**Student:** 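My questions will all concern the structure given below.
From a predicted model like this one, the values you see are computed outputs, not experimental measurements.
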Amino acid sequence: MALASGAVVPASAQQHALAMQGTPDMAADFTHFDYVNPDAPKGGRLSLSALGTFDSLNPFVVRGSATPFVRAYVFESLLVRSYDEPFTLYGLLARTVKTDDERSFVEFEIDPRARFSDGTPVTADDVLFSFGLLRDKGRPNMRLYYGKVASATADGSRVRFTFTEPDRELPLIMGLMPVLPRHAVDAATFDQTSLTPPVGSGPYTVAQVEAGSAVTLKRNPDYWAKDLPVTRGLFNFDELRFTYFRDANTEFEAFRRGLIDARFETDPGRWQTGYDFPAVRNGQVVKESIPNGLPKPHYALVFNTRRPVFADVRVRRAIIELFDFEWLDRNFYYNLYNRTAGFFDGSDLSSLGRKANAAELALLGPHHGELRPDVMDGTYRPPAADGSGRDRKQLKAALALFAQAGWQLKDGKLRRVGSDETFGFEIMVTSREQERLALGFASQMQRAGMRVDVRVVDAVQFDARRNAYDFDMVPFTWTQSLSPGNEQAFYFGSAAADMPGTRNYMGAKSPAVDAAIAALMAARSEDDVTAAARALDRALISGAYGVPLFHAPGQWLARWIRIAHPARPSLYGTLPETWWRAR
């Protein structure tokens, strides 16, 4: 496919924003998003933390462990997301956007004011360069999405992407494509790791890199978009520092000492008991539980179905049956968690408690053999235990499923019928919190005679092995939006199962899942999206691809009061880019 010049449509056809469904909430003359403080003071430093390490500043390729903050604050895309809408994008590097009813193409007009941090103008040529480079050498999701573009053309400040076939979501995906500077990127070495500070068009530049341990960003005083409606009230700190810690305890201690300004807590035990220190008691540190309107994250211990031990769905269902969430939540997590069941819990996209409607039945009918009847009629719930950690009914049900799959408990071990082969697997983790969870889970599995080993590896090895699908079981969290689409193929589609670096960690190859994803990508209305998402939820639950764990009721945020945020959170919760220095 060539990148070339071509005819374009009149500028009068361009729009200020593009919504996945319906029309954008904000009119063309809007002044700021509702979830920001447009008068937030500028200045000061925000110090945040991250677990693990990094060896690259290039977040666009598979190689290495890149720090994600460069993508968020240094690079920009053609359009930018509104976090108060399911999936609506507004102009940033592109001041306008156009597509047709079928969404067979998308066209952007580059804002003539747009500049990279070195002062060089952002041009249509940079957009075409970025597209070609990311399509050929970018992360697998980029190669997957951008591979659906039949042609990319430019005429002056206009860029048009024509698709191989109409795609409802692809215009928005192209709008979120990061734009790289052709003059400052070496295409030949782009797919290598690098700690060289990159040139971007975003509000910050990389000021200091401490390899593996910290990245400091400084606000660009000449940031080209600082007065746009889409950035007003955002990016209020002069300096951002992200410090990496090898373990959660050290990370938390840095926060206690005031070295870190704020943290999103993920450990309910720490949230319940760990914040009893002087700064909390005297009001210098506050704890907040902040709601959001998104589907709850799907946190699971993921089966790698590429491994023979997990190839049989009855084996996977038996292991899910044995999991005693009630015991784990009470003994490990102070009863602070809610049980996760599906992939869109807490939203209208969830299939739980809802009987499949006519649209879902039509979509899934050809694949009814894959689907559980209780999932289809809305009565499914994850297996519930008595909370004792030794529920006999639970064990009996699990062993019955194992027997159907050719395994039986004999002499205290789960053995293959007719052989001496014993049932065992390994859970790979990378943090103490994950290790604690995995050990608790392993102890429950041992009741059925399974051998379960827990292996702790460093973050780099964990990422490398997970991306290569070199594991039996790993913990992972899928986060979903209210407008699921193309990314679901990257998460769960059959084509992604054998492509290294995708999020189809379970290796799902399901015609029912693929049909639901295709329907999501073709959806033309909110009803279409809802039906397809619920169908996908039913297919994934039926496939038993992981042991669903739990989720928090909202965001748990602890912050020193020198950091302030808007009183009203976005649909996605509170966002660090909306915060400011209060003192």
**Student:** Could you tell me whether the side chain of Thr430 and the main chain of Phe462 form a donor-acceptor pair under 3.5 Å?
**Tutor:** no
**Student:** Can you name the nearest heavy-atom pair linking Ala523 to Val529, along with the distance?
**Tutor:** CB-CG2, 3.6 Å
**Student:** Any pair with a residue in residues 462-479 that passes salt bridge (Lys or Arg N to Asp or Glu O under 4.0 Å), sequence neighbours left out, goes on the list, sorted by first then second residue, please.
**Tutor:** Arg307-Asp470, Arg307-Asp472, Glu426-Arg465, Asp463-Arg466, Arg465-Asp470
**Student:** Using a 3.5 Å distance criterion without hydrogens, assess whether the side chain of Asp247 forms a donor-acceptor pair with backbone atoms of Arg432.
**Tutor:** no
**Student:** Indicate the atoms forming the closest heavy-atom contact of Ser130 with Leu180, along with that distance.
**Tutor:** OG-N, 2.6 Å
**Student:** Going from CD1 on Ile541 to CZ on Phe344, what distance comes out if it is rounded to the nearest 0.5 angstrom?
**Tutor:** 10.0 Å
**Student:** How about CZ on Arg81, more than 12 heavy atoms from neighbouring residues, nucleotides or ligands closer than 6.0 Å, or not?
**Tutor:** yes
**Student:** Is there a side-chain contact between Ile320 and Pro383, using heavy atoms and a 4.5 Å cut-off?
**Tutor:** yes
**Student:** Do the side chain of Arg143 and the main chain of Gly138 share a donor and acceptor less than 3.5 angstrom apart?
**Tutor:** yes
**Student:** Under 3.5 Å, which donor-acceptor pairs do the side chains of residues 473-480 form with other protein atoms, sequence neighbours left out?
**Tutor:**
| from | atom 1 | to | atom 2 | distance (Å) |
| --- | --- | --- | --- | --- |
| Trp478 | NE1 | Arg503 | O | 3.2 |
| Gln480 | OE1 | Gln488 | NE2 | 2.7 |
| Gln480 | NE2 | Gln488 | OE1 | 3.1 |

**Student:** Is the shortest heavy-atom distance from the side chain of Trp556 to the side chain of Phe264 under 4.5 Å?
**Tutor:** no
**Student:** Is there a donor-acceptor pair closer than 3.5 Å between any side-chain N or O of Asp345 and the backbone N or O of Lys296?
**Tutor:** no
**Student:** How long is the straight-line distance from OH of Tyr380 back to CG of Leu352, given to the nearest 0.5 Å?
**Tutor:** 8.0 Å
**Student:** Can you list everything that forms a side chain to side chain contact (heavy atoms under 4.5 Å, CB included) with Ala187? Sequence neighbours excluded, please.
**Tutor:** Phe129, Leu133
**Student:** Give every residue pair that meets the side chain to side chain donor-acceptor pair (under 3.5 Å) criterion with at least one member in residues 530-539, sequence neighbours excluded.
**Tutor:** Asp348-Arg534, Ser351-Asp537, Glu360-Arg538
**Student:** Mark yes or no for whether Ser443, through its side chain, and Gly440, through its backbone, hold a donor-acceptor pair below 3.5 Å.
**Tutor:** yes
**Student:** Does the side chain of Tyr146 reach to within under 4.5 Å of the side chain of Asp136, using non-hydrogen atoms?
**Tutor:** no
**Student:** Could you tell me which non-hydrogen atom of Met177 sits nearest to which non-hydrogen atom of Leu134, and how far apart they are?
**Tutor:** CG-CD1, 4.1 Å
**Student:** What residues form a side chain to side chain donor-acceptor pair (under 3.5 Å) with Tyr83, not counting sequence neighbours?
**Tutor:** none
**Student:** For the residue pair Phe252 and Asp267, establish whether any side-chain heavy-atom pair is separated by less than 4.5 Å.
**Tutor:** no
**Student:** Can you check whether Phe163 reaches Val149 side chain to side chain, under 4.5 Å on heavy atoms?
**Tutor:** yes
**Student:** Any heavy-atom pair between the side chains of Leu536 and Ile517 that's under 4.5 Å?
**Tutor:** yes
**Student:** Rounded to the nearest 0.5 Å, what separation is found between the CD atom of Glu85 and the OH atom of Tyr572?
**Tutor:** 9.5 Å
**Student:** For a quick test of your reading: what N or O donor-acceptor pairs under 3.5 Å do the side chains of residues 64-73 make, sequence neighbours left out?
**Tutor:**
| from | atom 1 | to | atom 2 | distance (Å) |
| --- | --- | --- | --- | --- |
| Thr67 | OG1 | Tyr244 | OH | 2.9 |
| Arg71 | NH2 | Leu176 | O | 3.3 |

**Student:** Taking all heavy atoms of Val452 and all of Ala442, pick out the closest pair and write down the distance.
**Tutor:** CG1-CB, 3.7 Å
**Student:** So His551 and Thr340, side-chain hydrogen bond (donor to acceptor under 3.5 Å, both in side chains) or not? Walk me through it.
**Tutor:** CA-CA 6 Å; His551 56 264; Thr340 297; 2.8 Å; yes
**Student:** Please list all pairs passing the side chain to side chain donor-acceptor pair (under 3.5 Å) test where one or both residues lie in residues 309-337, with sequence neighbours left out.
**Tutor:** Asp312-Arg314
**Student:** Please check: side-chain N/O of Gln394 versus main-chain N/O of Phe323, any donor-acceptor pairing under 3.5 Å?
**Tutor:** yes
**Student:** Let me see the working for Phe54 and Leu195 under side chain to side chain contact (heavy atoms under 4.5 Å, CB included), right down to the final yes or no.
**Tutor:** CA-CA 10 Å; Phe54 69 94; Leu195 291 174; 4.0 Å; yes
**Student:** Using a 4.5 Å cut-off on heavy atoms from C-beta on, say whether the side chain of Lys137 contacts that of Phe60.
**Tutor:** no
**Student:** Out of curiosity, Leu301 CG to Leu437 CG, how far, rounded to the nearest 0.5 Å?
**Tutor:** 5.5 Å
**Student:** Could you pull out all residues at least two apart from Gln21 that satisfy side chain to side chain donor-acceptor pair (under 3.5 Å)?
**Tutor:** none
**Student:** How many angstroms lie between atom CZ of Arg63 and atom CD of Gln192, to the nearest 0.5 angstrom?
**Tutor:** 4.5 Å
**Student:** Counting heavy atoms not belonging to Gln408, are there more than 12 under 6.0 Å from its CD?
**Tutor:** yes
**Student:** What closest approach, in Å, do Leu482 and Pro295 show between heavy atoms, and which atom pair accounts for it?
**Tutor:** CD2-CD, 3.7 Å
**Student:** Please say which of Asn141, Leu172, Ile173 ends up in a side-chain contact (heavy atoms from CB on, under 4.5 Å) with Asn486.
**Tutor:** Ile173
**Student:** Is the distance between the ring centroids of Phe343 and Phe492 under 6.0 Å?
**Tutor:** yes
**Student:** Could you list the residues that satisfy ring-ring contact (aromatic ring centres under 6.0 Å, His included) with Phe402, not counting sequence neighbours?
**Tutor:** Phe423
**Student:** In terms of heavy-atom contacts, does CZ of Arg415 have more than 12 from other residues, nucleotides or ligands at under 6.0 Å?
**Tutor:** yes
**Student:** Scan residues 361-373 for pairs that pass salt bridge (Lys or Arg N to Asp or Glu O under 4.0 Å), counting only residues two or more places apart or in two chains.
**Tutor:** Arg372-Asp374
**Student:** Asp514 vs Ser494, test: side-chain hydrogen bond (donor to acceptor under 3.5 Å, both in side chains). Steps then yes/no.
**Tutor:** CA-CA 7 Å; Asp514 291 341; Ser494 295; 2.6 Å; yes
**Student:** Mind checking the CH2-NZ spacing from Trp407 to Lys413? Nearest 0.5 Å is all I need.
**Tutor:** 12.5 Å
**Student:** In chain order, what residues pass the salt bridge (Lys or Arg N to Asp or Glu O under 4.0 Å) check against Asp167, with sequence neighbours excluded?
**Tutor:** Lys148
**Student:** Considering residues at least two apart in sequence or located in another chain, which fulfil the ring-ring contact (aromatic ring centres under 6.0 Å, His included) criterion with Phe490?
**Tutor:** none
**Student:** Locate the shortest heavy-atom distance separating Leu549 from Phe325; write the atom from each residue and the value.
**Tutor:** O-CD1, 4.1 Å
**Student:** Any non-hydrogen side-chain atom of Pro198 less than 4.5 Å from a side-chain atom of Leu57?
**Tutor:** yes
**Student:** Inspect the surroundings of CZ in Arg390 and state if more than 12 heavy atoms from other residues, nucleotides or ligands are less than 6.0 Å away.
**Tutor:** no
**Student:** State which residue, out of Asp498, Thr305, Asn504, fulfils the side-chain contact (heavy atoms from CB on, under 4.5 Å) condition with Lys509.
**Tutor:** Asp498
